[in-house]
K.L.:
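Before I ask anything, here is the structure I am working with.
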Amino acid sequence: MKKILFLSISLTALFSNFAEAQVLSAQQTVNDIATNERRFNNKNAVDKTAGSKYFNETFLPAKIVGSNEIILVRHNAYTDDMEVSVNDDIKIVPAETNMVINMVNGGISYEYVPYTNEKGVKKEGYLKLVSNNPKVKIYKSETVYLKPEVHPASGYDTYKPAAYTKMKDEYFIKIGDSEIKTLSLKKKAIVSIVPEKEKEIASFIKENKISFSEDADLNQLGRFINSLM
């Protein structure tokens with residue numbers, strides 16, 4: 001609750017154009033964040049790079065769990081920041097571990113969490129909730145990387161400019177209070193999520209024609225696995 005209170009204070013300061021500096025932590029104030037160029041975008045800066053940093057460029061109404069204030073946000077999949085539109089300016093929502101942002105329409109949620117990716121690297125960032133249950137959560141990452149420009153090696157090649165490119169979705173799972181780890185979308189790995197319930201999970205997948213490439217089906221699967229625990 002303490003972190004939520006700090007976050008609520010910071011957002012109030014953002015929407016009042018930083019009229020008063022509010023304390024976010026022992027070392028950082030809203031004024032510090034407001035002047036931190038690394039964390040805020042310049043609305044007048046034009047990025048001419050091809051592609052997009054976003055899976056969805058539209059700002060959508062959302063609420064941060066623990067606050068009733070509706071804000072307009074979008075996820076920057078390149079910097080892994082949650083951007084907020086404040087009086088036609090773009091700011092960054094100060095991230096807090098386990099912070100959840102729910103889009104008001106569409107049932108989309110993001111959670112800022114520590115996790116381990118498929119390469120075994122421990123990270124912390126925003127994951128999109130695919131299936132949100134008390135004992136089983138399934139997430140996926142939405143990531144964009146900058147594909148470097150390619151200069152022609154000969155007269156037969158063509159120049160390719162740098163471009164923002166979407167990476168392949170990576171899925172994660174959290175069982176109970178365990179760490180968030182990569183979820184393999186292979187049937188053998190899925191049915192072994194709960195080793196003593198492999199037959200039940202396999203039957204559910206077959207009977208409901210679950211497709212591991214569809215988020216709606218993974219949501220359904222997550223709810224079923226949760227019911228077995």
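These numbers come from a predicted model, not from an experiment.
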K.L.:
Output yes when a side-chain donor or acceptor of N76 lies under 3.5 Å from a complementary backbone atom of D81, and no otherwise.
P.N.:
no
K.L.:
Are the side chains of V144 and T165 in touch, meaning some heavy atoms are under 4.5 Å apart?
P.N.:
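Not in contact.
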K.L.:
Is any side-chain heavy atom of F212 closer than 4.5 Å to one of I205?
P.N.:
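Side-chain contact under 4.5 Å: yes.
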K.L.:
Can you tell me how far apart CD1 (I225) and CZ (F204) are? Round to the nearest 0.5 Å.
P.N.:
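Result: 8.5 Å between the selected atoms.
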K.L.:
Between K181 and F172, is NZ or CZ placed under 6.0 angstrom from the six-membered ring centre and within 45° of the ring axis?
P.N.:
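Checked: cation-pi criterion not met.
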K.L.:
Could you measure the distance from the CD atom of E198 to the CD1 atom of I201? Nearest 0.5 Å is fine.
P.N.:
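Answer rounded to 0.5 Å: 7.5 Å.
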K.L.:
Scan side-chain atoms only and decide if D215 and Y171 contain a donor-acceptor pair under the 3.5 Å cut-off.
P.N.:
yes
K.L.:
Short question: side chain of S192, backbone of A189 - any donor-acceptor pair under 3.5 Å?
P.N.:
yes
K.L.:
When rounded to the nearest 0.5 angstrom, what distance separates NZ in K174 from CG in N133?
P.N.:
13.0 Å
K.L.:
May I have the step-by-step check of side-chain contact (heavy atoms from CB on, under 4.5 Å) for L127 and I180, ending in yes or no?
P.N.:
CA-CA 10 Å; L127 294 179; I180 299 173; 4.2 Å; yes
K.L.:
When you measure from the side chain of N117 to the backbone of V121, do you find a donor-acceptor pair of N or O atoms at a distance under 3.5 Å?
P.N.:
yes
K.L.:
State, yes or no, whether a side-chain contact exists between N208 and Q220 at a heavy-atom distance under 4.5 Å.
P.N.:
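Contact flag for N208/Q220 side chains = yes.
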K.L.:
Any link between F55 and M167 through a network of hydrophobic side chains (Ile, Leu, Val, Met, Phe, Trp, Tyr) touching at under 4.5 Å?
P.N.:
no
K.L.:
Of the non-hydrogen atoms in V130 and Y139, which two are nearest, and what is the gap between them?
P.N.:
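For V130 and Y139, the tightest heavy-atom pair comes out as CG2-C, 4.1 Å.
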K.L.:
How about I71 and K63: do any of their side-chain heavy atoms sit closer than 4.5 Å?
P.N.:
no
K.L.:
Indicate the atoms forming the closest heavy-atom contact of N105 with P61, along with that distance.
P.N.:
ND2-CG, 4.1 Å
K.L.:
Hey, are the side chains of H75 and E142 touching, using non-hydrogen atoms and a 4.5 Å cut-off?
P.N.:
yes
K.L.:
Hydrophobic clustering (ILVMFWY, side-chain heavy atoms < 4.5 Å, transitive) - are M103 and V113 grouped together?
P.N.:
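No, no single cluster joins them.
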K.L.:
Would you say the rings of Y145 and Y78 are close, in the sense that their centroids are separated by under 6.0 Å?
P.N.:
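Not close enough - the centres of the two rings lie 6.0 Å or further apart.
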K.L.:
For the hydrophobic clusters of this structure (ILVMFWY residues joined by side-chain heavy atoms under 4.5 Å, transitively), does one cluster hold both L183 and L228?
P.N.:
yes
K.L.:
Verify the cluster assignment for I173 and F224: are they in a single hydrophobic cluster under the rule of side-chain heavy atoms below 4.5 Å apart?
P.N.:
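Linked within one cluster.
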K.L.:
Under a 4.5 Å cut-off applied to non-hydrogen side-chain atoms, are K147 and K160 in contact?
P.N.:
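Not in contact.
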K.L.:
Do L129 and Y110 come within less than 4.5 Å of each other through their side chains, counting heavy atoms only?
P.N.:
no
K.L.:
Is there a donor-acceptor contact under 3.5 Å from the side chain of D217 to the main chain of S211?
P.N.:
yes
K.L.:
Do the non-hydrogen side-chain atoms of E83 and I92 ever get within less than 4.5 Å of each other?
P.N.:
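In contact.
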K.L.:
For residues E57 and S52, report the shortest heavy-atom separation together with the two atoms involved.
P.N.:
OE2-OG, 2.6 Å
K.L.:
When you compare the side chains of E124 and T97, does any donor N or O come within less than 3.5 Å of an acceptor on the partner?
P.N.:
yes
K.L.:
From F59 CZ over to L72 CG, what is the distance, rounded to the nearest 0.5 angstrom?
P.N.:
8.0 Å
K.L.:
E149 and H151: side-chain contact (heavy atoms from CB on, under 4.5 Å), yes or no, with the steps?
P.N.:
CA-CA 7 Å; E149 62 182 352; H151 292 276; 3.3 Å; yes
K.L.:
Aromatic rings Y126 and Y112: how do their planes relate, parallel, tilted or perpendicular, breaks at 30° and 60°?
P.N.:
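Plane angle over 60°, so perpendicular.
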K.L.:
Rounded at 0.5 Å granularity, tell me how far CD1 in I190 sits from CD1 in I138.
P.N.:
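The CD1 atom of I190 sits 6.5 Å away from the CD1 atom of I138.
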K.L.:
More than 12 non-hydrogen atoms from neighbouring residues, nucleotides or ligands closer than 6.0 Å to CE on M229, yes or no?
P.N.:
yes
K.L.:
Output yes when a side-chain donor or acceptor of S67 lies under 3.5 Å from a complementary backbone atom of E69, and no otherwise.
P.N.:
yes
K.L.:
Are V191 and L221 linked, directly or through other ILVMFWY residues, by side chains that come within less than 4.5 angstrom of each other?
P.N.:
yes
K.L.:
What verdict does the side-chain contact (heavy atoms from CB on, under 4.5 Å) test give for L60 and V104, after you've listed the backbone C-alpha separation in whole Å, the side-chain angles of each residue and the deciding distance to 0.1 Å?
P.N.:
CA-CA 8 Å; L60 299 174; V104 174; over 6 Å; no
K.L.:
What closest approach, in Å, do A62 and V73 show between heavy atoms, and which atom pair accounts for it?
P.N.:
CB-CG2, 3.6 Å
K.L.:
Any donor-acceptor pair under 3.5 Å linking the side-chain atoms of S109 with those of N102?
P.N.:
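Per modelled atom types, N102 and S109 side chains form a pair under 3.5 Å.
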K.L.:
Could you tell me the separation between the CD atom of E111 and the CD1 atom of I101, rounded to the nearest 0.5 Å?
P.N.:
10.5 Å
K.L.:
Which heavy atom in L146 sits nearest to a heavy atom in A162, and how many Å separate them?
P.N.:
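Minimum heavy-atom contact is CD1-CB, 4.2 Å.
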